[in-house]
Amino acid sequence: MINYSEYLDRVKGCFLGKTVIGTLGAPYEGVKMPMELKFDPAMIDTMLPNDDLDLQVLWLEVVERKGLDFTSLDLLKAFCENCDYSPGEYAVMRKNYEKGIYPPYSGCFCNDFYIGGMGCPIRSEIWASLSPGNPIQAMRLAGMDGILDHAGESVIAEQFLAALESLAFNGRNPGDVRELISFAAEFIPGESKVYELVKFVLKAAELYGDIKEVLTEILDRYGHLDCTNMLQNIGITVAALLYGEGDIIKTGMLALNCGFDTDCTCATAGAILGILTGAKKLRELYGWDGVKYVLGVRADRRSDLVEDLAEDIAALTLELSRSDRSNVEFEQAPPVALRFFEEEKPLSVIVEYPEELAGAVSGGSKDGAFGRFTGGAFGGFIGGAFGGSSGADASRRSGADKGKYSDADARYYPWGNPAFGRYNDVAVDLIFRNNTEDEMRIIYGLKLPENVELKERKTEARGRRSSGANRSGTNAFAVKFPGENNAGEEQGLVSIKLGPGEEHVEKLVFGMADAVGILWEKNIISCVIKGDVEDVFDFGISGNKIWRVTGPIWATKPATNEELLSGVENYWHLLPQASSEAESVDNVRRFHLNFEAGSYTDHFDPDELFGELPEGPCGGISEGRSGRLRGGISGGFSGEQSVGYSGENPGDGVSFSAASAAIPGSVAQGRGGRGIIARPYKIKTVEVREDSFELSDFSGFKGPCVFYLSQKLYAPSDMTVFAQVGYSSPFKFFVNGELVGERYDTPTWDAENAHFDNIRLKEGENRIVLRLARFNADAKYSLVFSKGLTCSTHYCCFGTRAF
């Protein structure tokens, strides 16, 4: 039982701390170093907008309309309709939403860099305030929020903070913080990194007398290149609370001076101490009266006063407490006017992408060279490699294991794979749930885009369901499987009977229509529902991106050819003159143990990659510009051919076509007229599910080399776009034969290493070329087109086509 007046005071304190202390840290976000800033009241004179609060105000409006019956999709819709900015993971979830890929997939698909960010942990206060003293409910609501744009540890981090803040409503004073942190940690999985982190920081704070020493330990164990990565920032927040002695300003300055995601660490610490301290005490200490918040989103609130916002949250919580959906109880609570929530939908439609077809290649290769990945060229690799390991085991494979597994298993999707292509279908579970107390009969059909066809359909029991549900399939779709695609028309009708509270699951498999050449990234399917309920529910599947891969291309160092090797005892005369015995050994061992990537050499003009590339021995050394691969040497390498891979198979979210042309040894014109023998390279067509990829996805070749990726990109109209390129090795980026940009450094990969502006795309076919060089064990890249340079919406309106 919670005293309502005390609760209201704590909610006001929570959002005062969130707003004021968040403003303290906002100007320094991204400073990844310890600082020694001193507090100045001017730092909090003017409140600043902060996404930490923005999205919580949107969530409040959703719960005001729907009560506790809201869904994760309701939250995502509110974001996409009312928020214009899209940094990092927000851009990813917005793009997924645009493609009809909803939570939890919106948080993990195409989100390999930001998936561990702070975007969702900073939104925990609203769920704690709606669940005072009820950490289980707070965590459940926080989990529904976190999966919008994250997965795994970041969602756990939001749940930890929600539990901590919920428990803080029962705290007596700010001195309870250590006990609260320790207690809250027991609500999250003990095997999680967040649990380990919290326990680690609690112990470190006992050992060290200064927060900077603890910061050193946190970064040594959890440090990340992204200033918004979650683990290091949760560690900083916990440390600041432990060293802040319950003083909200001191705590905020400690978090600020640790650097990194300072607006988030400060705001969260401020909110927690605000709950423990209460607004009345904060006003007495600091004169925080009439504080206003500034929003960066569109929201219809009665004022911009923090106190009014807190009163609205408290009134909503009080009303929710009077329903059978909440376990929160208040004493001495005033009457509140009943709010009118949106009526609960009588029928829920849920989409899941089941694990069993996650990335699996279905139906075989269309031209038969690889067949299914479970046979043919891969020789049953999938079954043998895993030996029946479970999905949970697969999800825990380390990054070091990437590239060892074939396409069907290399990149494990915790909830399934929402992408399809020419060689892999996608499974969709369409779940109908009756939310009423009456029996319901519905009829549904599907409207498919022209490049998608429905290949399979069956039903499955899940939870409670009607005995009259279509178990046998006798009312199956009136379409052919596989067969003609009725683009834009309702495909057949299925009749379903649902009892009160029961579910019916339609297990569907979609694939690419044979007659369609362009594979579009966005593919919206409309489920048209008639009968006792009439509705239309749209969902989507993502289309793979088709690339032509030419490579690997490499050379020896020093440059050599058959002519230079003929009539001599050995190749030692080609090695550079050494100034010492050690340098001589270096030269020989490098010749034996390494390759030359040729990162500055243009082996092809971009346009050449879209035509017939040179094959077979041409004889002699080619003419032309330095470094250009133009042909082969007759009899080179004793007839050696590039016939596939040895050792580990490539994979990781990439599907391979059958047409892989093998090209014998090639020659380039080197410096001083010497021909450089480049080893055999292959030409293959691959499909990539996500925006990022590694060169090991395409080839099992080890060593420095160059790959060319060429793509026929189809745009719906003439467009001016921006591009974000992630890279860890040198690249050149061409659009329609023009060099857009190039980089020659080797940074750690992130999703936005390089930005390029004002790229002109024409309606129809555009030619995209990436020239990629690998120096070390592997190289990772990504390419995204967006509407602006940064914090902008990503485009998903393009299609790609095989050559």
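All residue numbers refer to positions in the sequence shown, counting from 1.
Salt-bridge annotation for Arg774 and Glu694: absent, with no side-chain N of the basic residue lying under 4.0 Å from a carboxylate O of the acidic one. Glu125 and Lys18 are joined by a salt bridge, as a carboxylate oxygen and a charged side-chain nitrogen come within less than 4.0 angstrom of each other. The pair Arg10-Glu165 does not count as a salt bridge, with every side-chain nitrogen at least 4.0 angstrom from each carboxylate oxygen. One finds a salt bridge joining Asp691 and Lys95 here, because a Lys/Arg side-chain nitrogen approaches an Asp/Glu carboxylate oxygen to under 4.0 Å. A salt bridge links Glu36 to Lys212: at least one charged side-chain nitrogen sits closer than 4.0 Å to a carboxylate oxygen. One finds a salt bridge joining Lys780 and Asp112 here, because a Lys/Arg side-chain nitrogen approaches an Asp/Glu carboxylate oxygen to under 4.0 Å.
Residues passing the side-chain hydrogen bond (donor to acceptor under 3.5 Å, both in side chains) test with Thr790, sequence neighbours excluded: none.
Between the Asn257 side chain and the Met253 main chain, a donor and an acceptor come within less than 3.5 Å of each other. Put simply, the side chain of Gln232 gets close to the backbone of His224: a donor and an acceptor are under 3.5 Å apart. Remark: side-chain polar atoms of Ser192 are paired, donor with acceptor, to backbone N or O of Pro189 under 3.5 angstrom. Side-chain N or O atoms of Asp261 include none that pairs as donor or acceptor with a backbone N or O of Asn233 at under 3.5 Å. Side-chain atoms of Ser782 come within 3.5 Å of backbone atoms of Gly726 as a donor-acceptor pair (strictly under, hydrogens ignored). Judged by distance alone, the side chain of Thr262 and the main-chain N or O of Tyr28 form a donor-acceptor pair under 3.5 Å.
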| request: Go through Cys120 and Ser154 one step at a time and tell me if the side-chain contact (heavy atoms from CB on, under 4.5 Å) criterion holds. | output: CA-CA 7 Å; Cys120 71; Ser154 279; 4.0 Å; yes

| Is there a side-chain contact (heavy atoms from CB on, under 4.5 Å) between Asp149 and Ser106 once you walk through the steps? | CA-CA 6 Å; Asp149 51 351; Ser106 59; over 6 Å; no

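Between the side chains of Asp54 and Tyr85, at least one donor N or O lies within less than 3.5 Å of an accepting N or O. With no hydrogens or angles considered, a side-chain donor-acceptor pair links Asp51 and Tyr90 at under 3.5 Å. For the residue pair Tyr222 and Glu217, no side-chain donor N or O sits within less than 3.5 Å of a side-chain acceptor on the partner.
Ring-plane geometry between Trp749 and Phe113 is classed as perpendicular, the angle between the planes exceeding 60 degrees on a 0 to 90 degree scale with a lower cut at 30.
Applying the ring-ring contact (aromatic ring centres under 6.0 Å, His included) test to pairs two or more places apart or on separate chains, those with a residue in residues 152-181 are Tyr7-Phe169. Pairs passing the side-chain hydrogen bond (donor to acceptor under 3.5 Å, both in side chains) check and including a residue from residues 134-147, sequence neighbours excluded, read Trp59-Asp145, Arg123-Asp145, Trp127-Asp145, Ser131-Gln137.
Nearest heavy atom pair, residue His150 against residue Met118, reads NE2-N, 4.4 Å.
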